[in-house]
Every structure is written in structure tokens, then in C-alpha cells.
Amino acid sequence: MSGPLPLALRLIAGSSGGIRSRSLRRWAALCGIAGSLLTRYGWVHAGRCSARDWRLPLEIPAVPPVIGESQVARDEGSVVASQ
């Protein structure tokens with residue numbers, strides 16, 4: 001809505017005259033504003049989704065958590081003092 005549609009409406013308004021051209025220019029302006037708003041909210045939404053999981057757009061695999069020696073020893077049944 002913010003690209004070719006307002007341009008086409010402006011070109012049509014330029015070739016026609018009278019009240020019709022004024023109406024087309026008004027529609028072109030409204031389409032441009034609506035397209036700009038939709039683009040802005042789309043980018044903001046995409047940024048929030050990207051910030052939620054930054055590995056997804058970069059295609060970075062998730063790293064498994066590092067298990068410390070004390071946790072492994074506890075899982076095997078022995079007790080190890082934590083440092």
C-alpha cells in the first residue's frame with residue numbers, strides 16, 4: 001500500500017482533471033499513510049519475535065547446558081561436596 005498504489009493514483013490524478021483528481025490525490029495520500037503505518041508495525045512485530053529467540057533468524061543451533069561434575073556424581077548416587 002505504500003509503494004506502487006499511491007504512485008499509480010497520483011499519476012492517474014495528474015492525467016485527469018477536476019474533482020476526480022483531488023479525490024484520487026486524497027486516496028493516494030491515505031494509502032501512503034496506511035502503508036507506512038502497516039510497515040512500521042510489521043517491523044516492530046518482527047523485531048519482537050526476533051528478540052524472543054535470537055538463534056532462529058541466525059540459524060544457530062541451541063547449545064546443550066553444561067553439566068558440572070558435582071551434578072553428575074549426584075545423579076550416580078554418590079554425594080560430592082559443592083565448591
Subject >> Sequence-distant partners of Thr39, side chain to side chain contact (heavy atoms under 4.5 Å, CB included), two or more places apart >> reply: Ser2, Trp43
**OP:** List in chain and number order the residues that pass side chain to side chain contact (heavy atoms under 4.5 Å, CB included) with Leu7, two or more places apart in sequence or in another chain; answer none if no residue qualifies.
**Re:** Leu11
**OP:** Under the side chain to side chain contact (heavy atoms under 4.5 Å, CB included) rule, collect the residues that match up with Leu5, sequence neighbours excluded.
**Re:** Leu9, Cys31
Subject >> Pairwise distance OG(Ser21) to CZ(Arg10) - rounded to 0.5 angstrom >> reply: 10.5 Å
**OP:** Taking all heavy atoms of Gly32 and all of Pro6, pick out the closest pair and write down the distance.
**Re:** N-CG, 3.8 Å
